[in-house]
Amino acid sequence: MSIPLRSTNTPFIYQISFFFLLTIGSITLCAGQNRGARGLVSFGASSGLAGDTLYLDINQDIAVQLLPFEDLMKVAVTHSPAIRYQGEVANSLNEAQEIAKVQILQNVSGFGNYSTGTQGLITNVVSGPAAQNGNLNQIANGYRVGVDVRFPLYELFGRKHQIRQATFNYKAALAQKETVELQLKRELINVYQDMITTQQLLKIILIDEQASLASLRVAETEIQKGQITAEAMAIVTSRFVQAKTASEQAKGNFLKNVRYFEALMGMPIQRLKRN
């Protein structure tokens with residue numbers, strides 16, 4: 001539905017001025033966004049993020065600005081804290097498996113000692129050929145070494161089950177790590193596509209906001225000249241407010257997807273751009 005703003009007395013002049021302003025407005029971004037030297041749009045100030053400015057080229061698809069998706073996936077898997085945690089859990093269970101295999105050695109112990117002296121107490125107590133010949137003193141004095149081996153029934157019936165349990169726990173940890181990786185990939189696919197979609201919507205809504213702003217500028221000029229009514233001016237202003245509200249909402253949705261994308265990647269989006 002179009003709203004006539006021009007006066008019946010100056011149809012041609014108003015039509016030229018309207019389209020002239022509309023053309024100028026279509027090549028400038030709306031208020032609250034700043035275009036840099038290279039055509040990058042700053043969203044920091046307009047989104048209320050003090051000291052946190054995001055520079056992206058809204059007119060260029062974000063999929064073209066960023067690394068290929070497969071490379072992004074590899075970066076996300078490498079830097080994901082959840083995947084690193086699952087990897088450490090798997091390593092811990094692998095060590096537990098190795099411990100279970102060699103735990104039988106705890107039932108084997110060795111000993112060694114050395115003694116010297118007259119061993120008078122033993123000589124006086126013990127009698128017989130060994131004591132008379134001095135063999136006891138030869139045994140009582142010197143080095144002693146030996147091995148003590150104990151083999152409980154648990155080692156025969158329970159050890160193999162403990163080793164199998166440790167093996168299954170390790171395999172379960174590896175499967176859990178793969179599950180976390182798959183979940184991360186799904187989340188990354190969703191937020192990546194949402195980021196692309198919200199950027200396209202933002203581009204369309206910005207065009208509508210620019211057109212509404214051009215209409216508002218024309219209406220402000222016309223109402224000063226008394227060529228339109230206050231009611232028509234209010235309608236144009238309301239239309240611009242609606243367009244501005246829609247653009248801010250679209251901008252916020254786009255920024256949320258970008259921040260969520262950065263959280264999944266584990267690094268700022270500036271480091272994920274193509275060279």
Side-chain angles (χ1 to χ4, degrees), residues 1-8 10-50 52-66 190-262 269-270 273:
M1 176 179 179
S2 60
I3 302 174
L5 300 179
R6 58 186 177 87
S7 172
T8 55
T10 59
F12 182 71
I13 295 176
Y14 173 77
Q15 200 167 20
I16 292 177
S17 62
F18 175 79
F19 285 106
F20 178 72
L21 290 176
L22 181 61
T23 303
I24 295 177
S26 63
I27 61 175
T28 60
L29 289 176
C30 60
Q33 298 173 354
N34 302 317
R35 179 172 291 276
R38 295 185 178 181
L40 301 181
V41 179
S42 167
F43 289 92
S46 60
S47 61
L49 302 175
D52 186 12
T53 302
L54 171 67
Y55 290 97
L56 289 172
D57 189 350
I58 292 300
N59 295 322
Q60 186 181 19
D61 290 346
I62 198 169
V64 178
Q65 300 182 59
L66 300 181
N190 289 334
V191 70
Y192 184 77
Q193 186 59 48
D194 289 343
M195 189 168 55
I196 293 176
T197 302
T198 51
Q199 183 200 18
Q200 299 302 321
L201 291 176
L202 179 59
K203 290 166 62 176
I204 296 173
I205 293 176
L206 285 178
I207 295 175
D208 183 48
E209 181 185 351
Q210 293 162 7
S212 299
L213 178 61
S215 298
L216 179 62
R217 294 291 180 259
V218 172
E220 289 174 348
T221 302
E222 295 297 333
I223 197 171
Q224 292 177 357
K225 297 180 180 179
Q227 296 176 347
I228 61 173
T229 63
E231 182 180 0
M233 180 65 187
I235 294 175
V236 175
T237 303
S238 177
R239 176 67 184 87
F240 171 73
V241 170
Q242 293 176 1
K244 181 65 175 178
T245 301
S247 70
E248 291 298 325
Q249 291 176 345
K251 188 193 310 178
N253 291 334
F254 176 65
L255 279 174
K256 284 191 296 185
N257 286 317
V258 170
R259 298 307 183 192
Y260 188 30
F261 176 77
E262 288 180 324
I269 198 170
Q270 284 83 354
K273 287 187 173 182

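We count residues from 1, following the sequence as given.
How far CG of Asp57 is from CD of Gln65: 5.0 Å, rounded to the nearest 0.5 Å. Note: Lys256 NZ to Lys251 NZ = 14.0 Å, rounded to the nearest 0.5 Å. If you take CG on Leu66 and OH on Tyr192, they are separated by 6.0 Å, rounding to the nearest 0.5 Å. The structure places OG1 of Thr221 at 9.5 Å from CG of Leu216, a figure rounded to the nearest 0.5 Å.
Every residue two or more places apart in sequence or in another chain that forms a side chain to side chain contact (heavy atoms under 4.5 Å, CB included) with Ile223 is listed here: Ile228, Met233. For Ala250, the side chain to side chain contact (heavy atoms under 4.5 Å, CB included) partners two or more places apart in sequence, or in a different chain, are Leu202, Ile205.
Looking at heavy atoms from C-beta onward, Asp194 lies out of side-chain contact with Tyr260 at the 4.5 angstrom threshold. Side-chain atoms of Gln249 and Thr245, non-hydrogen and from C-beta on, do get closer than 4.5 Å to each other. For the pair Phe261/Ile62, no side-chain contact is recorded, criterion being any heavy-atom separation below 4.5 Å from C-beta on. Residues Gln200 and Asp61 form a side-chain contact, since some pair of their non-hydrogen atoms from C-beta on lies under 4.5 Å apart.
Minimum heavy-atom separation, Ser247 to Glu209: OG-OE1, 2.6 Å. Between Ile196 and Ala63 the shortest heavy-atom distance is CD1-CB, 3.9 Å. Heavy-atom minimum distance, Glu262 versus Arg259: OE1-NH1, 3.0 Å.
The ring pair (Phe, Tyr, Trp, His ring centres under 6.0 Å) pairs that include a residue from residues 195-215 number zero, where partners must be two or more places apart or lie in different chains.
The side-chain contact (heavy atoms from CB on, under 4.5 Å) test with Asn253 singles out one residue from Leu201, Val258, Thr197, Thr198, and that residue is Thr198.
At distances below 3.5 Å, not a single donor-acceptor pair connects side-chain atoms of Ser238 with backbone N or O atoms of Ala234. Although no hydrogens or angles enter the test, the distance criterion places a donor-acceptor pair under 3.5 Å between the side chain of Gln199 and the main chain of Gln60.
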